[in-house]
Amino acid sequence: MKLYDYYRSSASYRVRIALNLKGLSYEQVAISLLDKEQNSAAYSALNPNQLVPGFARGETTDSGAEDTAVLGQSLAIIEYLDECYPEPALLPSDPWHKAQCREIALIVACDIHPLNNLRVLNYLNSELGVNQNEKMVWYHHWLKQGFLSLESLSSRYKTQFLCTDTPSLADICLIPQLYNAKRFDFETKHYPRLLEIEQKCLALPAFQHAHPDSQ
């Protein structure tokens, strides 16, 4: 397995957590977003979306050649891993409970993260002339909207983690988003349930080894 990775990318961070929870070995290939390596011809050929992560299985085809096909969306990668390596499960088996877990994960992956990732923030500066203070107002606004929803939803569940008693896809999405929020000086004290979950997750080796500071 090969993971095209940037250490501070929250989407890459999610996949590292999932791989670690599954106990899987993988090769990391650094793609520097700051140096725009994701836009290189070589990486674009592998991942036309020009984002990280990129995930290659590293298996061989029927002809004996290496399969270089790459998946380029973190949730697609994580659900692929969960289907191929079902233990420990990252989604509940019950369809309704599974949908609830996905709901929380998608608030992060669809509602918060896309509005605050690096290429959007750079576009605000370079193309729209937004200054640094205005950019942070934008960043914090979408974090607040998303975290209020997450805090309310997660408080419905009397579980050890966000919506289950073991780490799930929801927790895998939450922890990198909290890391990014703190990097940009977002006040998180108003979300005690989320901070409680964060503390439990960061006590686990799979989360510790995936942390950007460990890369």
Side-chain angles (χ1 to χ4, degrees), residues 3-18 30-41 43-44 47-54 72-78 102-155 162 169-199 201-202 207 210-215:
L3 181 65
Y4 297 89
D5 188 13
Y6 180 65
Y7 77 115
R8 275 185 171 167
S9 158
S10 58
S12 296
Y13 189 176
R14 296 171 199 155
V15 176
R16 293 196 301 265
I17 295 169
I31 302 293
S32 173
L33 301 186
L34 294 182
D35 296 327
K36 302 187 185 328
E37 291 179 355
Q38 74 275 19
N39 298 327
S40 69
Y43 186 66
S44 297
N47 185 1
N49 206 24
Q50 297 182 324
L51 295 170
V52 291
Q73 285 290 335
S74 62
L75 268 63
I77 296 166
I78 293 167
R102 283 195 177 115
E103 176 186 23
I104 292 177
L106 290 170
I107 288 173
V108 175
C110 296
D111 295 342
I112 303 174
H113 177 244
L115 291 166
N116 287 343
N117 72 4
L118 183 63
R119 65 176 179 172
V120 170
L121 298 180
N122 286 343
Y123 186 83
L124 290 174
N125 282 141
S126 62
E127 301 298 326
L128 301 183
V130 172
N131 65 38
Q132 184 65 18
N133 181 64
E134 291 169 331
K135 184 173 76 173
M136 287 300 96
V137 170
W138 165 281
Y139 190 95
H140 286 192
H141 171 78
W142 298 115
L143 284 173
K144 182 178 180 181
Q145 293 293 313
F147 281 158
L148 283 171
S149 297
L150 292 172
E151 180 74 13
S152 179
L153 280 173
S154 64
S155 296
L162 273 176
L169 179 65
D171 307 285
I172 288 171
C173 288
L174 172 68
I175 299 308
Q177 195 62 62
L178 278 170
Y179 167 80
N180 276 349
K182 292 176 180 180
R183 276 188 61 222
F184 287 92
D185 299 320
F186 181 74
E187 181 56 73
T188 58
K189 68 181 180 182
H190 305 295
Y191 314 100
R193 169 70 172 159
L194 302 185
L195 294 179
E196 175 191 354
I197 300 303
E198 180 189 37
Q199 187 176 22
C201 288
L202 293 181
F207 286 82
H211 193 281
D213 291 348
S214 299
Q215 305 313 301

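All values below were derived from every heavy atom in this structure, side-chain atoms included, with hydrogens, water molecules and symmetry-related copies excluded. Each residue takes its place number in the sequence, starting with 1.
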Open item on the list: Restricting to side-chain contact (heavy atoms from CB on, under 4.5 Å), what partner residues turn up for K36, sequence neighbours left out?
Closed with: Q38, N39
Task: Nearest-0.5 Å distance, OH of residue Y43 to CG of residue L51 - done: 7.5 Å
Task: Distance (rounded to the nearest 0.5 Å) between S10 OG and N116 CG - done: 9.5 Å
Task: Expected output: side-chain S155 to main-chain E151 donor-acceptor under 3.5 Å - done: yes
Task: I107 to G146 - nearest heavy-atom pair and separation - done: CG2-O, 4.0 Å
TODO: Compare all side-chain heavy atoms of V130 with those of W138 and state whether any distance is below 4.5 angstrom.
DONE: no
TODO: Check Q215 against H211 and note the closest heavy-atom contact, atom names and distance.
DONE: NE2-O, 2.9 Å
- [ ] Look up atom CG in L150 and atom CD1 in I197, then write down how far apart they are to the nearest 0.5 Å.
- [x] 11.5 Å
Task: Under 3.5 Å: donor-acceptor pair, side chain of R14, backbone of S74 - done: no
Open item on the list: If you define the side chain from C-beta out and look only at heavy atoms, does anything of R8 sit under 4.5 Å from Y179?
Closed with: yes
Task: pair L162-C173: side-chain heavy atoms closer than 4.5 Å - done: no
TODO: Supply the atom-to-atom distance L195 CG to K182 NZ, rounded to the nearest 0.5 angstrom.
DONE: 5.5 Å
TODO: Classify the angle between the aromatic ring planes of Y139 and F184 as parallel (below 30°), tilted (30 to 60°) or perpendicular (above 60°).
DONE: tilted
- [ ] Supply the atom-to-atom distance I31 CD1 to S9 OG, rounded to the nearest 0.5 angstrom.
- [x] 11.0 Å
Task: Closest contact, heavy atoms only, L115 versus V120 - done: O-CG1, 3.3 Å
TODO: Only counting residues at least two apart or in another chain, list the ones meeting salt bridge (charged side-chain N to carboxylate O under 4.0 Å, His left out) with R16.
DONE: D5
Open item on the list: To the nearest 0.5 Å, what is the distance between OG on S154 and CZ on F147?
Closed with: 11.0 Å
TODO: Could you tell me whether the side chain of T188 reaches within less than 4.5 Å of the side chain of L194, counting heavy atoms only?
DONE: no
- [ ] Please tell me if the side chains of R119 and N117 come closer than 4.5 Å, counting only heavy atoms from C-beta onward.
- [x] yes
Task: Closest non-hydrogen atom pair, P53 against N47 - done: O-ND2, 3.7 Å
Task: Side-chain heavy atoms of W142 within contact of D111, under 4.5 Å - done: no
Open item on the list: Regarding S44 and Q50, do their side chains bring together a donor and an acceptor under 3.5 Å, going by distance alone?
Closed with: yes
Task: N/O donor-acceptor pair under 3.5 Å between D35 side chain and E37 backbone - done: no
Open item on the list: Please give me the minimum heavy-atom distance between Y13 and L202, naming the atom from each residue.
Closed with: OH-CD2, 4.3 Å
Task: Heavy-atom side-chain contact between K144 and Y191 under 4.5 Å - done: yes
TODO: List the atom of A105, the atom of L169, and the distance in Å for their closest heavy-atom pair.
DONE: CB-CG, 3.8 Å
